[in-house]
Each structure stands twice: as C-alpha cells, then as structure tokens.
Amino acid sequence: MLTKLEEAARKAGEIMLSAARQDLQAEEKEGDHNPVTVYDKKIQAFLQEQLYSLCPSAGFLGEEGDTSCDVNGLYWVVDPIDGTSNFIHDYRQSTVSIALYEGETPVLAVVANPYQNEVFTAEKGKGAYVNGKPIRVSKRPVESALIGFGTTPYERKFADFTFEAAKRAYLPVRDIRRSGSAALDLAHIACGRLDGFFEARLSFWDFAAGRLLIEEAGGVASDFAGAPLPRQRSSVLAGNLEVYPFLREVIAGVSADWAGLV
Ligand code: IPD
Ligand code: CA
Ligand code: CA
C-alpha cells in the first residue's frame, strides 16, 4: 500500500510541476490572503480517485471541495498543494501531503516535494523514510538549532504573537526559517534538516502527515500546550528532543504576555 501511495503522490507532484503557469486561475478563499488555484482542485480530484482505488473502504477529507467522511473509521487526509502561495509565485517549495487515519490514529503518511524529487513516508510503528532511506530527527542542541515557523497567513490576528515568539526563539539559536509549506517543515524536522517548528494555527490537513513522520523519526509533535494534536485547526509545536522543550518554554512565555490569543 505505501509503495502505491508514494507513486500516487509522485504523480500528483508531476501535475504540480507541469502546471501551465499562465493559467493558474488563482482566487481568494475565506480568511486573510488565502489563495487557491485550479491546480489545488485538479490534484485533489486526481488523488481522490487514486486513493479510492487503493482503498475503497476509506473515507476522504481534503482541503479543497466539499469532502466529509466518518472520522471514526479509516479515512485519508489530503492537502493537494501545501504551499499554494509559493506555487503561485513559482517559489518552488510546495508539497503534496497525504495521511491515512484510523479514528484518531495516523497509520500512513506521505509528503512529496516534487521540486527536489523527494518523498517522505512513514508507517505507524515502522519508521520514517525519504526516498526509501530511513530518517531520524536531529540531536542538535538549542544553540546550534535551525528553527522553522509559520505565520498563520490566513489569520493575521496572530501576527504579534508569532513574531514575538519568532524573535525569542531566534535569539539563542543558529537561525530561523519560514518555508511557506508547513508539511515540508515537519518533514524536514523528521529528517534532521530543521530542529524545531511552531505555528499558531494550522488545519488538520497541514499537519496530518507531518506529525506521523516526526513521531516515527523519534521527535515530538503537539499543540502549544503540549497536548496531542487534535483532528481540527490547532496550534502546532514540534521538534527534536532538545529543541521541543525549549520551544515550549518560549511559547509559554509569550502566551503569558498575550493571554487568550492562542
Ligand atoms: C499553508 C502553508 C503555510 C502555513 C499556512 C498554511 P496552504 O497551507 O502550510 O506554510 O503558514 O498556515 O495554511 O494554504 O498553502 O495549503
Ligand atoms: Ca496547507
Ligand atoms: Ca493547500
């Protein structure tokens, strides 16, 4: 199943790469600056068909379009293009994110980055991989960490919180990064390229696959309070075993000053 899933994600990535750039038909969805293109919809439709043929009994939950399913059984959680703003700008840093859940538990995860020809995969209890090679989170300590964060661009009321947290996280570490694809950031923690990540709000499909990659690679992913990630919009905090507790402290400190916001 995982091999076929990986194939489907690679094909979805090819659709991203072969997009007719003059005909993206970008429009705004609800929220502040929340774009969607015809390719988000095309890739989701392609995956919905592929995943149905892989496992007809599983439901489907995708970012684009009216999809809903019984979330007590088996269901796919799909973000067809994570990093739509990057895609519109041809910034070449967007991913396809697919997870298979059984009730509350993620069982399979795939994050494909077609621009680097990389596919990150994980199966519950069986480890995490990139292009078939095993990956682990880093052991880097705080002082040499590289930390990713997201700006929650569709809810700009979190901007003060986010940039204060980014400043406090940045001062003692090597540097910070903002990639524009949360799924890619989480995959990069799983393989040790990034050491930590936070974002004040993400949707379930943004982190559904990435959290299993991290867990299977020996890292930690939770919400800002340290609680397990829910199957809905949530804050997200993740990292290796050294950097995760540091980021939790940073977030707790900012939360104390911005009480009620996150
Ligand atoms: C977005 C990206 C971005 C993050 C946003 C997400 P989308 O997903 O993951 O990095 O900052 O919060 O919504 O809209 O490009 O699928
Ligand atoms: Ca997304
Ligand atoms: Ca998306």
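When a residue number appears, it is its place in the shown sequence, counting from 1. Note that this is a predicted model, so its numbers are computed, not measured. Whatever order the structure lists ligands and atoms in, that order sets their numbers, starting from 1.
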**Message:** Is there a side chain to side chain donor-acceptor pair (under 3.5 Å) between Ser222 and Tyr244? Walk through the geometry before answering.
**Reply:** CA-CA 10 Å; Ser222 72; Tyr244 173 85; 2.6 Å; yes
**Vertex the Ca ion (ligand 3), arms to Ile81 O and Asp79 OD1, rounded to 10°** = 80°
**Prompt:** Trp205: heavy atom below 4.0 Å from ligand 1, yes or no?
**Reply:** no
**Request:** Decide whether the shortest distance between a heavy atom of Ile81 and an atom of ligand 1 is less than 4.0 Å.
**Result:** yes
Output the list of atoms in ligand 1 that are nearer than 4.0 Å to some heavy atom of [X], sorted by atom number.
{"X": "Thr84", "result": "15 (O)"}
{"X": "Asp79", "result": "16 (O)"}
{"X": "Gly83", "result": "7 (P), 15 (O), 16 (O)"}
{"X": "Glu63", "result": "16 (O)"}

Give the residue and atom name of whichever protein heavy atom lies nearest to [atom], and the separation in Å to one decimal.
{"atom": "atom 8 (O) of ligand 1", "result": "Asp82 OD1, 3.0 Å"}
{"atom": "atom 13 (O) of ligand 1", "result": "Tyr154 CE1, 3.1 Å"}
{"atom": "atom 11 (O) of ligand 1", "result": "Glu199 OE2, 2.7 Å"}

**Prompt:** Run the side chain to side chain donor-acceptor pair (under 3.5 Å) check on Asp40 and Thr84 step by step: do they pass?
**Reply:** CA-CA 8 Å; Asp40 297 76; Thr84 294; 2.7 Å; yes
Any N/O pair [X]/ligand 1 closer than 3.5 Å:
{"X": "Leu202", "value": "no"}
{"X": "Ala182", "value": "yes"}
{"X": "Asn34", "value": "no"}

**Request:** Check whether any N, O or S atom of Asp40 sits under 3.0 Å from the Ca ion (ligand 3).
**Result:** no
Below a 4.0 angstrom heavy-atom separation, can you tell me which part of [X], side chain or backbone, both or neither, approaches ligand 1?
{"X": "Asp206", "answer": "side chain"}
{"X": "Arg178", "answer": "side chain"}
{"X": "Ser181", "answer": "backbone"}

**Asked** Between Tyr39 (side chain) and Ala20 (backbone), is there a donor-acceptor pair under 3.5 Å?
**Response** yes
Would you say the side-chain atoms of [X] and [Y] include a donor-acceptor pair closer than 3.5 Å?
{"X": "Arg201", "Y": "Ser235", "value": "no"}
{"X": "Asn113", "Y": "Thr95", "value": "no"}
{"X": "Ser138", "Y": "Asp195", "value": "yes"}
{"X": "Thr151", "Y": "Thr162", "value": "no"}

**Message:** Under the side chain to side chain contact (heavy atoms under 4.5 Å, CB included) test against Val78, which residue among Leu61, Val96, Leu51, Val110 passes?
**Reply:** Leu51
**Message:** Please give the atom name: the N, O or S atom of Glu63 nearest to the Ca ion (ligand 3).
**Reply:** OE1
**Message:** If I consider every N, O or S atom in Asp206, which one ends up closest to the Ca ion (ligand 2)? I only need its name.
**Reply:** OD1
**Asked** Tell me, which N, O or S atom in Asp82 is closest to the Ca ion (ligand 2)?
**Response** OD1
**Prompt:** Could you walk me through whether Leu186 and Arg211 pass the side-chain contact (heavy atoms from CB on, under 4.5 Å) check?
**Reply:** CA-CA 7 Å; Leu186 298 176; Arg211 69 164 274 199; 5.6 Å; no
**Fill in**
Note: Gly148 and Leu194 closest approach over all heavy atoms is N-CD2, 3.8 Å
**Asked** What is the minimum heavy-atom distance between Asn86 and Ser179, and which atoms define it?
**Response** ND2-O, 2.9 Å
**Item:** Phe87 six-ring face occupied by Arg21 cation (under 6.0 Å, within 45°)
**Value:** yes
**Item:** Other residues, nucleotides, ligands: >12 heavy atoms within 6.0 Å of Glu28 CD
**Value:** yes
**Asked** Taking the minimum heavy-atom distance to atom 3 (C) of ligand 1, which of Pro80, Gly180, Ser85 ranks first?
**Response** Gly180
